[in-house]
Amino acid sequence: MERIALFPGSFDPFTLGHLAVAERGLDIFDRLVVGIGVNASKQGLLAPERRAELVRRVFADEPRVEVVLYEGLTGDLCREKGIRHILRGLRNSADFEYERDMEMANDLVFPELSTVAIFTPAAFIPVSSRLVREIITMGGDPAVFLPEGINIKEYL
Ligand code: PNS
């Protein structure tokens, strides 16, 4: 049977750290669905459609990756798509605590789901979407934190 995981996140924007986790996920799973969670009450920096375009561009040559936008619960999306695994990356203990809480909530609401957490490779531990947004809003160039060939100005 095909092993599929949902890789959910805000991806505002998708960074080199996310890419490293996705690549490790592709070693474990046959396919990944990158789910861009849209929270109507939380305005991000990149419009959700632009975030999706960026991720599609990154995986343009990887047919095992699909990108979807979703609203509502991550578990509901998994149920709709018949997905039983969630992939998340862990950089540090703060990520661990957050992921543990989320996994516990998901487990109560969607017991059929399991979360597979992968350690972010050490080189990418300082990378975060929040940092990239900060660099952008202060007029800097965040290219060093983004997948190769991504010019963030095309997505703003
Ligand atoms: O990488 P992020 O930005 O921390 O991703 C957050 C995301 C989208 C994965 C998270 O906020 C989420 O799952 N939101 C949907 C709401 C939900 O399912 N919460 C779990 C409670 S059962």
Side-chain angles (χ1 to χ4, degrees), residues 3-29 31-59 62 64-137 142 144-147 150 152 155-156:
R3 300 184 71 83
I4 308 177
L6 177 78
F7 182 27
S10 309
F11 301 121
D12 184 28
F14 190 90
T15 67
L16 270 183
H18 294 130
L19 179 58
V21 172
E23 282 173 345
R24 291 189 166 191
L26 284 166
D27 283 343
I28 301 174
F29 294 100
R31 289 205 291 123
L32 286 186
V33 176
V34 177
I36 302 182
V38 181
N39 182 342
S41 64
K42 195 171 126 193
Q43 177 159 11
L45 183 65
L46 274 67
E49 261 307 331
R50 308 318 308 273
R51 295 181 215 171
E53 269 172 45
L54 190 159
V55 183
R56 288 194 183 108
R57 164 92 184 267
V58 171
F59 294 105
E62 178 47 271
R64 296 192 297 144
V65 174
E66 176 194 347
V67 181
V68 299
L69 290 164
Y70 72 100
E71 277 182 63
L73 296 178
T74 301
D76 278 331
L77 176 71
C78 289
R79 195 177 266 165
E80 266 166 41
K81 290 190 154 289
I83 294 176
R84 295 178 48 238
H85 302 285
I86 291 176
L87 173 71
R88 294 282 288 175
L90 293 182
R91 287 167 300 192
N92 48 38
S93 52
D95 280 356
F96 174 81
E97 296 298 337
Y98 176 65
E99 295 306 327
R100 190 75 194 90
D101 283 352
M102 198 129 82
E103 195 277 338
M104 281 193 286
N106 274 326
D107 196 48
L108 290 169
V109 185
F110 305 100
E112 69 277 20
L113 273 178
S114 70
T115 296
V116 174
I118 291 186
F119 285 104
T120 304
F124 304 110
I125 289 175
V127 179
S128 69
S129 296
R130 189 192 54 75
L131 189 69
V132 171
R133 290 195 300 272
E134 194 168 290
I135 294 172
I136 296 167
T137 51
V144 70
F145 296 119
L146 299 175
I150 296 297
I152 199 68
Y155 302 92
L156 295 173

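Counting convention: from 1, in listed order, for ligands and their atoms alike.
When hydrogens are left out, the protein atom nearest atom 21 (C) of ligand 1 is A105 CB, 4.0 Å; that is the closest non-hydrogen contact. When hydrogens are left out, the protein atom nearest atom 1 (O) of ligand 1 is R88 NH1, 3.2 Å; that is the closest non-hydrogen contact. Looking only at protein heavy atoms, the nearest one to atom 8 (C) of ligand 1 is Y70 OH, 3.8 Å. Taking atom 13 (O) of ligand 1 as the reference point, the nearest protein heavy-atom neighbour is T74 OG1, 2.5 Å.
Annotation for ligand 1: atoms under 4.0 Å from non-hydrogen atoms of S10 are 1 (O), 2 (P), 3 (O), 5 (O). Interface atoms of ligand 1 facing L73, defined by a heavy-atom separation under 4.0 Å, are 16 (C), 17 (C), 18 (O).
Ion pairing of E53 with R57 is absent here, as no side-chain N (NZ or NE/NH1/NH2) approaches a carboxylate O to less than 4.0 Å.
At distances below 3.5 Å, at least one donor-acceptor pair connects side-chain atoms of D12 with backbone N or O atoms of L46.
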Task: Derivation of the side-chain contact (heavy atoms from CB on, under 4.5 Å) call for I4 and F29 - done: CA-CA 6 Å; I4 308 177; F29 294 100; over 6 Å; no
TODO: Apply the test side-chain contact (heavy atoms from CB on, under 4.5 Å) to residues R91 and V127: give CA-CA distance (whole Å), side-chain angles for both, the deciding distance (0.1 Å), then the verdict.
DONE: CA-CA 9 Å; R91 287 167 300 192; V127 179; over 6 Å; no
Open item on the list: Does R88 form a side-chain contact (heavy atoms from CB on, under 4.5 Å) with M102? I'd like the steps, not just the answer.
Closed with: CA-CA 11 Å; R88 294 282 288 175; M102 198 129 82; 3.8 Å; yes
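When the heavy atoms of L113, V109, N106 are ranked by distance to atom 20 (C) of ligand 1, first place goes to N106. When the heavy-atom distances from atom 5 (O) of ligand 1 to G37, P8, G72, G9 are ranked, the shortest goes to G9.
Here H18 has no heavy atoms under 4.0 Å from ligand 1, in either its backbone or its side chain. Under 4.0 Å from ligand 1, not a single heavy atom of F7 appears. Of all the heavy atoms of Y98, the ones lying under 4.0 Å from any atom of ligand 1 belong exclusively to the side chain.
Side-chain N/O atoms of S41 and N39 include a donor and acceptor closer than 3.5 Å.
Note that the OG1 atom of T15 and the CZ atom of R130 stand 12.5 Å from one another [nearest 0.5 Å].
Residues F14 and F145 keep their aromatic ring centres 6.0 Å or farther apart.
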